[in-house]
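Step one of this worksheet: look at the structure below.
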Amino acid sequence: MSESGTSATTPYDSLGGESAVRRFVDRFYDLMENEAEYAALRAMHAPDLAPMRRSLTGFLTGWLGGPRHWFEENVGVCVMSAHAVLPISAETSQQWTDAMARALAESDVDADLATRMNDAFGKMAGGMARMAANRNN
Ligand code: HEM
């Protein structure tokens, strides 16, 4: 451990780096693509999920403490604001967090880390649904 603490392990490192992030993101979109219970969430997305697989992998890589390429390529983009225009309901918010929790559980992510990630995703997804609900009031 250096004095500045810069050698502290990040969640990204604990997970196993980029290939681990790509694995659970791919699982997330495979579930969205194939499971009927996520049909409403799938319908909100473009027919081709490949750009989203890349974008969510890049965002979560930086968010988890790994390389920040996504943030350098999307300067000033706030992921919450990017969703403010979307018609996100309580139902599709729940579908997102359910599919992600399943993807983490099925991708050998450490259970404690998965819990912390699911908590954070729940807060973000809940906030996105509230933004959409407030807009419609
Ligand atoms: C609340 C439930 C959510 C719904 C319904 C939702 C839906 C969407 C949709 C429809 C898009 C555009 C996709 C497309 O063009 O095909 C999108 C983009 C994106 N979402 Fe979500 N999302 C949700 C939650 C989240 C959360 C919690 C995160 C982050 C942890 C996230 C990260 C992203 C990113 C990084 C993009 C791409 C932005 C870009 O490249 O411009 N989303 N989302």
Validation row, ring centre F28 to ring centre W96 under 6.0 Å
yes
Checking S55 side chain against P51 main chain: does a donor-acceptor pair fall under 3.5 Å?
no
Intermediate values then yes/no, side chain to side chain donor-acceptor pair (under 3.5 Å), N118 and T115:
CA-CA 5 Å; N118 287 327; T115 299; 5.6 Å; no
Is the shortest side-chain heavy-atom distance between D98 and E35 below 4.5 Å?
no
Do the ring planes of F71 and F59 sit parallel (below 30°), tilted (30 to 60°) or perpendicular (above 60°)?
tilted
Can you list everything that forms a salt bridge (charged side-chain N to carboxylate O under 4.0 Å, His left out) with E18? Sequence neighbours excluded, please.
R22
Might you point out which heavy atoms bring D13 and T9 nearest each other, and give the distance in Å?
CB-CG2, 3.7 Å
Mind checking whether E106 and D30 have side chains closer than 4.5 Å, heavy atoms only?
no
Counting N and O atoms only, with roles assigned by atom type, does the side chain of T97 sit under 3.5 Å from a partner on the main chain of S93, one being a donor and the other an acceptor?
yes
Under 4.0 Å between a Lys/Arg side-chain N and an Asp/Glu carboxylate O for R68 and E72?
no
Kindly give the heavy-atom pair with the smallest separation between L104 and M117, and that separation in Å.
CD2-CE, 3.9 Å
Show your working on side-chain contact (heavy atoms from CB on, under 4.5 Å) between M124 and M80 and close with a plain yes or no.
CA-CA 7 Å; M124 292 165 86; M80 293 299 294; 4.1 Å; yes
How long is the span from the OG1 atom in T57 to the CH2 atom in W70, to the nearest 0.5 Å?
12.0 Å
dist L49:CG -> M32:CE (nearest 0.5 Å) comes out at 6.5 Å
Which atom of P67 lies closest to which atom of T61, heavy atoms considered
O-CG2, 3.4 Å
Step through the shown structure and confirm whether more than 12 heavy atoms of other residues, nucleotides or ligands are within 6.0 Å of CG on D119.
yes
How far does OG of S89 sit from CE of M44, to the nearest 0.5 angstrom?
7.0 Å
With heavy-atom distances below 4.5 Å as the criterion, would you say the side chains of Q95 and L31 are in contact?
no
Does some side-chain heavy atom of L56 sit less than 4.5 Å from a side-chain heavy atom of Y29?
yes
Please report the closest heavy-atom contact between R42 and P47, naming both atoms and the distance.
NH2-O, 2.7 Å
Closest heavy-atom pair and its distance - L64, L15
CD1-CD1, 3.5 Å
